[in-house]
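Since the structure comes first, as structure tokens, the remarks are kept for the end.
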Amino acid sequence: MNQNEYNPQEIEKKWQQYWEENNTYKVENKVEGKENFYALSEFAYPSGNLHVGHWYAFAVPDIYARYKRMSGYNVLYPMGFDSFGLPAENAAIKRGLDPRKWTYENMDYMRNQLRSMGASFDWSRTLATSDPEYYKWTQWMFIKFYKNDLVYKDITKVNWDPVDKTILANEQVINGRSERSGAEVVQKDMAQWMLKITDFADELHDDLENLDWDHSIKAAQREWIGRKEGSLIPFKIQESEVYDVNTGPGDDAFREGEEIVDRDNVVVIIEHPEKDEFLCARWKQVDWQGFVTGGIEDGMSIEETALSEVREETGYQNPEIIKVYDQSSHGLFWHVVKQQNRRANYRIVHVKLKDLEQVARSPEEQAIADFLWIPRLEVNDFLKREDMRYPWRVVSANIQKFDDVKVFTTRADTLFGATYLVLAPEHDMVQNLKSQVNNWDEVETYLKEVEKKSDLDRQQSKEKTGVELKGIEAINPATGKPITVWIADYVLAHFGTGAVMAVPAHDERDAEFAIKYDLPFKFVCLPSAGEPGVSRPLITSGENAFIQSAGVTEKKGSQEEINAEWNAMYDFLAEVHDQGGVLPEGKRFCCTFEGKVINGNEEVNTKNSEEARRIITEMVGGEMAKTYRLRDWGISRQRYWGCPIPIVYDPEGNAHSIPKEHLPWVLPDDVDFTPDGTAPLARSKELKERTEKIFGVGWTPEVDTMDTFVDSSWYFYRYLDNQNDEQFASSESLNSWMPVNMYFGGAEHTTMHLLYSRFWVKALHKLGYVPDNEPYKGRLNRGLILGPDGAKMSKSKGNVIDPDEVVAHVGADTVRMYLAFIGPFNEPGNYPWDPNGVVGVRRFLDRVWRLQEKISDITPEELQSDLHQTIKKVGEDIQRLKLNTAISSMMTFVNKAEKSESISRSDYDLLIQILAPFAPHMCEDLWMQNNKSSIHTESFPIADESKISSNLKALPVQINGKVRAQIVVQEDEDNELLQGRVIALPEIQKWIEGKSIRKFIHVPGKIINLVVG
RNA sequence: GCUGGAGUGGCGGAAUUGGUAGACGCGUGCGACUCAAAAUCGCAUAUCUACGGGUGUGCGGGUUCGAUUCCCGCCUCCAGCACCA
């Protein structure tokens, strides 16, 4: 009998020392007859103090590692430090310390704290990313990537953190703010080193499939990569047909040095009353072709001038003004008759004839000009003819050929409904078109406005703005019809091709924009969502309603109301159909559902959306394509405490990687690292001298350091072979350990570290340096430990739990176990710390300790059965990381054991063996009272099924699914006999009296149910 | 809006393939020990009840002898993405 009290403060230190002295947790790369198992927890940043989160991150997975070790695996569970990074520098600035000193002192301190967890780390394999022996290999890998075209330097828009004064990766920007400092991120053009993570976008997306990760983590990564499958559609760009001006060459070419006379004119574009045709003139006397024109006389309005010119010159009597364009077209030319330079400002007036009433023209007038109707599409060609002799003709030398604008769309099936084209303000084409845009001032103003907006502004104000590029038009490749071209900042430069085809009738954003700027809607896809059986309301109400996609529409309403709305829409669509789907004034339909194509052409009408996408894409010479949200990884940081980028520049400014013999390219010491937005390394005299000494006069070093996510992208390799000077890890060690079997970490790294390191491994694999294509076979995101008040622990809220204090009070074993008990470790929830709960776990350990008093020769049969059931359950639960239920089943067993007369020594030993992964110190102490070697080198007990008594079992008896009685059933009891016994039960009799038994259901070991009626 | 996940006592949570809903722990109540308190131990603890029983796992339906679990429709919360074409 051991009368000692359980005293964790004493025994924990004792056994921690013992394990260290005996190298209990030292791991070899290979052990005969054992399979390797690599369990990894995301390593720590040396912030200087261990908090509850660290315990949750390291001590709880240690339970799993210990279980695996006891289950016969050769388990590696290493620990190291992610020791480069901003906090060191910020602390250094604040307190006037050297970041190196601060970091390394913190690591020393934290190593001791980590020891207090009683975790089974093999400290001989530790690492720190700020050690030159480590970052030598970070640099080596960077250079390998550089030489293999996976790294490039580029001037791009970067996310600039004005507080930490450095660039941030996209992944480090959350809702427009810095993930670290919380500062609003601004966009800035800067040169930075980029890693081509996008080269691996497909692999990063597809290979998730085979990983044994939680569904939600995979989903989040896929979302982040943002692969979209759709089509690339080419749109031809041309000058608009109605107002081009001539600047020469030719008789009428502008003459330098001559006086310029200004003149205001109208150009009248006369539209046919029924057909899509325009009236062009062939002026016989002066031998030129064009539109009807005329000078604006004093006192005449533009409209009056235009109408009178039409009547006089063409004889058509009933023109009406459709539109007077804001912008005049203007050109400089030599007026051949008047012998002067003219600056003609032409106001373009669009006139439509109400009918074809035409007064007879006199023979004189007939002799001046012929008028002919020309289809809209040919107007421009007509005006371009060589024999044109007037300013607004297009001279061939002056025709600018534009590249097609490629548009990415997932809805190529709606191409027939594309009524305008929108470019991102940053799109290259915008600048290329400059000379052809008539309203460049307006465009430029808009571009400046957009540039001023931060990402946050863009996100906050969703009000759509844009400017038409006047004088430019695109051709819808499906219809062949011209459409207007706009720039708008709702189109993002970095997604797809930075250009969209706008289909207001089938895209909400386009609809919003089209309403604001009065652009046409054309309905080309009948949603199948309205077909019988799939009922979802689409239409709000009323014939002029703007119908948004179903998600936005009020969904309340009876089926009748919904049907009525659908019918209204179909009726309306029939009407619209006659007009080729073009919605009349005031009718605004927008439906984003897929369905069947209408108003297209014979090839695609009635085809479903998916099929139509293929057909239309092919028809217009487009191609099926994928696009991604993921962008390349910018790793340059303008800070001191990081891994130097191993690049030097020759006197011409060309970049060269540093040869291997000069690695590690060490971080200089002589640096004032106060951040001012420029890289601190630029201020190092030593670095400058070193560079010149090695490479020659005029050579300069790269002065940015790397994002710390680079350091952590490969650290799991270094644990395998941390003393190796020749390689980052030997291939023997890589082969024996990789990939990581189970990786424990925080959910916040799902789209950062986890994605970066997957990329890193894929890149190394591609270059042949590692055997694996993926670093982590298993992954578990842990939850969050909240303060006792249910809020996130923070100093300001005063709800921070100091684990050192709790350990001093109840012991490390209790803290480990409490954290495992607090909630299911395999579900990343938020679990509030309950100080009373800790005490409850400590009570359990006290009881296990006191249970020694019951040790004698025998264990009662029933208790032994319970024990083996518990052994089975604990093993199963640890394997699926449901540590909370593993613990609760041990508690249940101990509760029973306490009520029992006795427990045998060997059965008590089984109990402490299954408890050992959870409470390693206490179990070691109890074990070593009777043994010579550590309990942690023992095997995890295997349940003895023969000892689990199951031949007698109380089963619930239900009547019509409701429990009414219990009955003890023999394992092999005959069903007929059993039925007789059940019916005979008095509690059952009263329920079946006067009723007949329709069915007798016996699920062995589970339930008996009588169906009566 | 899209994607993924979750809704169970006063609280954290359990119920592994459809089979006694609420294990285990906390809290609470009562009791034992104590002069007393703490600690410890024991008993009780979903809810209503005319004490027969009824009701209950976000809501409304369905399948089934039987549903927290499966199906349909909805609501709420959490996380990721979001003017992403």
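All values below come from the heavy atoms of this structure, side chains included, with hydrogens, waters and symmetry mates left out. Per chain, numbering begins at 1; letters A, B, ... match sequence-line order. In this text the structure is predicted, and so the values were computed from the model without any measurement.
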Looking across every strand, which nucleic acid part, if any, lies under 4.0 Å from A/Glu876 by heavy atom: base, sugar-phosphate, or nothing?
base
Using heavy-atom distances to pick each residue's nearest nucleotide on RNA chain B, tell me which of A/Val963 and A/Arg880 is more 5'.
A/Arg880
Looking at A/Lys882, does any N or O in its side chain come under 4.0 Å of the phosphate oxygens OP1/OP2 on B/rG13?
no
Using a heavy-atom cut-off of under 4.0 Å over every strand shown, decide if A/Lys990 touches base, sugar-phosphate, or nothing.
sugar-phosphate
Reckon A/Trp833 touches a base, only the sugar-phosphate, or nothing at all at heavy-atom distances under 4.0 Å?
nothing
Comparing nearest nucleotides in RNA chain B, the 5'-proximal residue of the pair A/Asn960, A/Arg629 is A/Asn960
A/Arg816 charged N/C atom sitting above A/Trp55 aromatic ring, 6.0 Å / 45°:
no
In Å, rounded to the nearest 0.5 Å, how long is the span from CD of A/Gln869 to CZ of A/Phe893?
11.0 Å
For A/Pro824, which contact category applies under a 4.0 Å heavy-atom criterion: base, sugar-phosphate, or nothing?
sugar-phosphate
Show me, range against range, the stems involving RNA chain B, built from at least 3 consecutive Watson-Crick or G-U pairs below 3.5 Å.
B:1-7 with B:75-81, B:10-12 with B:24-26, B:27-32 with B:40-45, B:46-48 with B:53-55, B:58-62 with B:70-74
Could you check whether atom NE2 of A/His427 has more than 12 heavy atoms from other residues, nucleotides or ligands sitting under 6.0 Å from it?
yes
Going by distance alone, is a donor N or O of one side chain under 3.5 Å from an acceptor N or O of the other, for A/Tyr64 and A/Gln879?
no
Does some side-chain heavy atom of A/Lys882 sit less than 4.5 Å from a side-chain heavy atom of A/Pro824?
yes
With a non-hydrogen cut-off below 4.0 angstrom, is A/Ile822 in contact with a base, only sugar-phosphate, or nothing?
sugar-phosphate
With a cut-off of under 6.0 Å to the ring centre and 45° to the axis, is A/Arg964 in cation-pi contact with A/Trp991?
yes
Could you list, one pair per line, each protein nitrogen or oxygen that sits under 3.5 Å from a nitrogen or oxygen of nucleotides 43-51 of chain B, together with the distance?
none

Can you find a donor-acceptor N/O pair under 3.5 angstrom joining the side chain of A/Gln958 to the base of B/rU20?
no
Is the base of B/rG80 syn or anti, where syn means the angle lies within 90° of 0?
anti
If you take atom types as modelled and just measure distance, does the side chain of A/Lys464 reach the base of B/rC83 with a donor-acceptor pair under 3.5 Å?
yes
Ignoring backbone atoms, establish whether A/Arg964 has a side-chain N or O less than 4.0 Å from OP1 or OP2 of B/rU20.
no
Take a 6.0 Å sphere around CD of A/Glu862 and say whether it holds more than 12 heavy atoms from other residues, nucleotides or ligands.
no
First locate atom CG of A/Leu780, then atom CG of A/Leu881, and finally report the distance between them rounded to the nearest 0.5 Å.
5.5 Å
Looking at A/Arg613 and A/Glu594, is there a salt bridge between them, counting it only when a charged N and a carboxylate O are closer than 4.0 Å?
yes
Return no unless some side-chain N or O of A/Lys1006 is found under 4.0 Å from OP1 or OP2 of B/rU20.
no
Listed pairs, N/O of protein and of nucleotides 23-28 of chain B, under 3.5 Å:
from   : atom 1 : to       : atom 2 : distance (Å)
B/rG25 : OP1    : A/Asn895 : ND2    : 3.3
B/rC26 : OP1    : A/Arg843 : NE     : 3.3
B/rC26 : OP1    : A/Arg843 : NH2    : 2.5
B/rC26 : O2'    : A/Asp834 : OD2    : 2.8
B/rG27 : OP1    : A/Asn836 : OD1    : 3.4

Side-chain donor/acceptor contact of A/Lys218 with base of B/rU3 under 3.5 Å:
no
Please work out whether the ring planes of A/Phe513 and A/Tyr517 are parallel, tilted or perpendicular, with thresholds of 30° and 60°.
tilted
Is it true that the side chains of A/Tyr628 and A/Thr198 contain a donor and an acceptor less than 3.5 Å apart?
no
A/Lys962 side-chain N/O to B/rG66 phosphate OP1/OP2 under 4.0 Å:
no
Strictly by modelled atom types, are A/Tyr490 and A/Asp510 linked by a side-chain donor-acceptor pair under 3.5 Å?
yes
Check the chi torsion on B/rG9 and let me know: syn if it falls within 90° of 0, anti if not.
syn
Please give the distance between the P atoms of B/rG7 and B/rU68 as a whole number of Å.
13 Å
A/Asn781 and A/Thr750: side-chain donor and acceptor closer than 3.5 Å?
yes
How far does the C1' atom of B/rA82 sit from the matching atom of B/rG12, given to the nearest Å?
34 Å
